[in-house]
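Quantities reported herein were computed from a predicted structural model and do not represent experimental measurements. Both backbone and side-chain heavy atoms feed into the values below; hydrogens, waters and symmetry mates do not. Order of listing sets the numbers, starting from 1, for every ligand and every atom in it.
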Amino acid sequence: MDNTLLRGTVFLIVFSAVAFSEIRWPRLSSHHSKKTRWQRNLGLIAIDVVVVYLWMPLTVVMVATRVHDHQLGILNQIPLPTPMVWLIALIWMDMVIYWQHRWFHQIGCLWRLHKVHHLDLDIDVSTGLRFHPAEILLSLLLKCAAVAFMGVPAQVVVVSEILINSAAMFNHGNIAIPAPLDRLLRHFLVTPDMHRIHHSVTVRETNSNYGFCLSWWDFLFHSYTEHPQKGHQGMQIGLSDYQSFARHTLVYLLKLPFIPPQPDDASAPK
Ligand SMILES: [Zn+2]
């Protein structure tokens with residue numbers, strides 16, 4: 001199957017499954033109009049698809065192919081069985097996404113782009129896909145560098161994109177997962193309850209739980225928060241200085257990174 005068709009098919013299946021689960025087993029009730037939120041989120045996602053998603057992932061695949069042709073990158077220097085290469089490459093790409101996400105929180109100019117994702121005042125599957133196009137573009141450039149450095153095979157690039165995208169939709173899902181199952185899954189996967197803490201207005205909680213797919217990185221790099229201080233029902237979503245829902249139009253979201261932040265912006269990296 002063609003890579004774009006494969007990615008699109010998996011995307012539609014996972015998106016529909018998470019959206020259905022949100023209706024069937026919702027975790028939290030919405031505070032704001034879902035219709036208006038989805039109009040804005042889907043608008044931003046449509047721009048992302050046209051501007052970046054449709055053509056840029058192929059660039060990462062092209063980099064992977066060139067790196068392989070010239071036998072560059074770490075994995076091309078070591079004779080390893082193919083399953084081992086795949087495993088290392090997939091884990092490497094997930095760790096890169098963890099650090100990329102952390103840098104987008106810690107570096108001022110990157111935070112201005114990533115803030116657009118965090119402005120959503122409720123969280124569901126549509127939040128997991130709403131990013132400023134410039135953030136996606138920068139993320140793809142970083143992925144190109146990570147693929148070249150490690151010598152990630154082209155097929156792994158495609159599988160990794162599918163896994164990370166699916167994980168983002170799952171862990172932003174407003175799905176009630178029984179606590180024992182959540183605890184079990186958290187040993188290796190970022191669950192919706194774990195990631196929702198990252199969308200808390202409490203800055204200490206926002207700056208934790210950066211993982212997208214594997215939960216290990218937050219344990220390993222000391223950025224794990226187990227529970228929100230106010231509990232899942234009591235926690236507030238979004239950023240404390242950006243709680244005006246009416247203001248968050250699609251045009252505002254696109255312009256936000258270019259609007260200088262207030263000096264007392266509580267969410268800005270210190
Ligand atoms: Zn974030």
Side-chain angles (χ1 to χ4, degrees), residues 18 27-28 37 40-41 44-45 48 52 93-143 146 161 163-174 186 189-229 232 235-243 248 252-254 256-257 261 265-270:
V18 176
R27 178 70 162 105
L28 305 175
R37 279 188 52 250
R40 293 165 183 175
N41 290 0
L44 200 53
I45 294 163
D48 291 341
V52 194
M93 290 306 285
D94 194 57
M95 189 185 75
V96 167
I97 297 300
Y98 166 90
W99 278 106
Q100 174 207 287
H101 188 188
R102 200 162 165 164
W103 293 332
F104 269 91
H105 276 259
Q106 291 173 340
I107 301 169
C109 56
L110 298 181
W111 170 243
R112 282 166 72 164
L113 294 172
H114 187 57
K115 205 156 66 171
V116 172
H117 173 65
H118 277 268
L119 238 59
D120 210 352
L121 297 174
D122 283 313
I123 176 170
D124 61 23
V125 62
S126 70
T127 317
L129 301 163
R130 75 166 237 177
F131 292 93
H132 196 280
E135 174 172 357
I136 296 174
L137 197 64
L138 282 178
S139 164
L140 285 166
L141 292 177
L142 184 80
K143 280 179 197 161
E161 281 291 314
L163 285 176
I164 289 165
N165 246 311
S166 303
M169 288 189 274
F170 169 67
N171 66 39
H172 287 87
N174 182 33
R186 270 197 215 193
L189 261 188
V190 176
T191 64
D193 270 14
M194 178 176 164
H195 189 72
R196 195 177 310 104
I197 299 168
H198 178 71
H199 284 263
S200 157
V201 293
T202 306
V203 174
R204 191 185 54 77
E205 291 174 353
T206 314
N207 292 331
S208 72
N209 297 5
Y210 296 106
F212 257 64
C213 192
L214 294 170
S215 53
W216 308 338
W217 313 120
D218 283 298
F219 306 141
L220 195 64
F221 300 120
H222 307 289
S223 54
Y224 178 58
T225 300
E226 191 175 358
H227 301 293
Q229 203 182 12
H232 285 283
M235 70 182 279
Q236 199 179 350
I237 305 287
L239 298 173
S240 57
D241 293 331
Y242 298 87
Q243 288 290 316
H248 296 178
Y252 176 75
L253 295 178
L254 287 168
L256 182 67
D265 184 341
S267 67
K270 300 289 179 284

H248 and R40: side chain donor to acceptor below 3.5 Å = no
inquiry  = Looking at Y210, is its backbone amide N or carbonyl O close enough to the side chain of H101 to form a donor-acceptor pair, meaning the two atoms are under 3.5 Å apart?
reply    = yes
inquiry  = Looking at T225, is its backbone amide N or carbonyl O close enough to the side chain of N209 to form a donor-acceptor pair, meaning the two atoms are under 3.5 Å apart?
reply    = yes
ask   = Out of the N/O/S atoms in H114, what is the name of the one closest to the Zn ion (ligand 1)?
value = NE2
ask   = Does the shortest distance from the Zn ion (ligand 1) to an N/O/S atom of H105 fall below 2.8 Å?
value = yes
query = Quick check: does H198 put an N/O/S atom under 2.8 Å from the Zn ion (ligand 1)?
reply = yes
ask   = Which residue, L137, L44, L113, forms the side-chain contact (heavy atoms from CB on, under 4.5 Å) with H132?
value = L113
